[in-house]
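The chain is numbered in sequence order, starting from 1. In what follows, every heavy atom counts, from backbone to side chain, and hydrogens, waters and symmetry copies are set aside. A quick note: this is a predicted structure, and the numbers were derived from the prediction, not measured.
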Amino acid sequence: MVRDSSSTSSCGGGAATTGGMPAWLGGLLEEGGFFAGCPAHEHRKKNEKNIFCLGCCRGICPHCASSPVHCSHPLLQVRRYVYHDVVRLDDLEKLIDCSYVQPYTINSAKVVFLKQRPQSRPFKGSGNICLTCDRILQEPFHFCSLACKVDHVVLQGQDLSSILYRFLDSDFSFSHFETLRVDGPDAGAADDDGQITPNSILEGPRNHRGCSGGSSNSSGGKGSSDSSGDCGGKKKGGGFLPQLVVSLSNRRKGAPQRCYVVLERYI
């Protein structure tokens, strides 16, 4: 990786705007319309905006991404977990230093939250917390989201170029989005399940009582670090022959206890 020290005015690559904030980073953190319907393709299937164009610095849908306007631009896929926007850590680390940002393992992939998440009550007490928003974290992490780390660097008066990487457009080309390809106006009509891809909406860990999965609560109980593991509480079928069915009446003090035994034989 090469640290970025440029301050050009274009949006792509390592470009920066006033204050050292790259246009693509500001657009990614300020985008509030991810997973909303794309107004340019509102009558098309699979039109949720789950891609961020690093060239145009805005959220787009797969139809936009496959168009001549965007297909040559670097593209970043955004996913959603528990109603919040996340990006795979492997993708984000090609753009910016994500060290000390707490990741979460969902669907066998590490992801990072883009923005702060609201908290029901402020944390009071000792423990490892986010340096920006005071959310409880696991050791040795210092930030709960990418936005928290960026805000902290800015508040400390540091140059954001110290955590930015100069990326290659080829690492974010549309050819990497095989599952997002839209080949025609009616593509996917036969089995449209309402999602862009099987992984665009990430599944959270199962939270059934008595099940021992690989999930662990962190960040104040809001996030989960793993979703592997299945519940093994299924009962096997079958029985014993002959089958004994025992019915006991309610026990009352001083009253004789009666027991009925029914013997069933299967031939």
**Q.** Pair Arg117-His84, side-chain donor/acceptor within less than 3.5 Å
**A.** no

Q) Can you tell me how far CD1 of Ile51 sits from SG of Cys61, rounded to the nearest 0.5 angstrom? A) 7.5 Å

Q) Parallel under 30°, tilted from 30 to 60°, perpendicular over 60°: which one fits the rings of His152 and Phe143? A) tilted

Q. Excluding sequence neighbours, so at least two apart, what forms side-chain contact (heavy atoms from CB on, under 4.5 Å) with Glu31?
A. Phe34, Lys49, Arg58

Q) For the atom pair SG (Cys144) and CG (Leu131), what is the distance rounded to the nearest 0.5 Å? A) 10.0 Å

Q.
Would you say the rings of Phe172 and Phe167 are close, in the sense that their centroids are separated by under 6.0 Å?
A. yes

Q) Considering residues at least two apart in sequence or located in another chain, which fulfil the side-chain contact (heavy atoms from CB on, under 4.5 Å) criterion with Glu139? A) Asn128

Q.
Tell me every residue that passes ring pair (Phe, Tyr, Trp, His ring centres under 6.0 Å) with His70, counting only those two or more places apart in sequence or in another chain.
A. His73

**Q.** Approximate separation, where rounding is to 0.5 Å, of Glu42 CD and Arg44 CZ
**A.** 12.0 Å

Q. Is the side chain of Asp159 donor-acceptor paired with the backbone N or O of Ser161 at a distance under 3.5 Å, no angle test?
A. yes

Q: List the atom of Ile129, the atom of Leu137, and the distance in Å for their closest heavy-atom pair.
A: C-CD1, 3.9 Å

Q: Quick one: list whatever passes side-chain contact (heavy atoms from CB on, under 4.5 Å) with Ser99, sequence neighbours left out.
A: Asp97, Lys149

Q: State yes or no: do Trp24 and Val69 share one hydrophobic cluster built from I, L, V, M, F, W and Y residues joined by side-chain heavy-atom distances below 4.5 Å, directly or via other members?
A: no

Q. When you measure from the side chain of Gln116 to the backbone N and O of Thr132, does any donor-acceptor pair fall under 3.5 Å?
A. no

Q.
So which atom in Phe174 and which in Ala65 form the shortest heavy-atom distance, rounded to 0.1 Å?
A. CE1-CB, 3.7 Å

Q: Answer whether the closest heavy-atom distance between the side chains of Val86 and Ile106 falls below 4.5 Å.
A: no

Q. Quick one: CD on Gln138 to CD1 on Ile136, what's the gap to the nearest 0.5 Å?
A. 11.0 Å

Q: Name the orientation class of the two ring planes belonging to Tyr104 and Phe113 (parallel below 30°, tilted from 30 to 60°, perpendicular beyond 60°).
A: perpendicular

Q: Tell me, please, which residues at least two apart from Ser67 pass side-chain hydrogen bond (donor to acceptor under 3.5 Å, both in side chains).
A: none

**Q.** Val112, Leu28, Leu146, Val101 screened by side-chain contact (heavy atoms from CB on, under 4.5 Å) with Ile96, the one that passes
**A.** Leu146

Q) Can you name the closest pair of heavy atoms from Pro103 and Leu89 and give their distance? A) CB-CD2, 4.2 Å

**Q.** Residues that Phe52 engages under ring pair (Phe, Tyr, Trp, His ring centres under 6.0 Å), provided they are two or more places apart
**A.** none

Q. With distance as the sole test, does Asn47 use its side chain to make a donor-acceptor pair with the main-chain N or O of His41 at under 3.5 Å?
A. yes

Q. Which pair of non-hydrogen atoms, one from Val150 and one from Met21, has the smallest distance, and what is that distance?
A. CG1-CE, 3.7 Å

Q: State yes or no: do Leu25 and Leu168 share one hydrophobic cluster built from I, L, V, M, F, W and Y residues joined by side-chain heavy-atom distances below 4.5 Å, directly or via other members?
A: no

Q) Of the non-hydrogen atoms in Ala147 and Lys115, which two are nearest, and what is the gap between them? A) CB-CA, 3.9 Å

Q: Return the minimal non-hydrogen interatomic distance between Ser66 and His63, and the atom names on each side.
A: OG-O, 3.0 Å

(Q) Distance check, rounded to the nearest 0.5 Å: Ile163 atom CD1 versus Leu95 atom CG? (A) 11.5 Å

Q: To the nearest 0.5 angstrom, please state how far the SG atom of Cys38 sits from the CD atom of Glu48.
A: 11.0 Å

Q) Should Asp85 and Arg80 count as an ion pair when the cut-off is N to O under 4.0 Å? A) yes

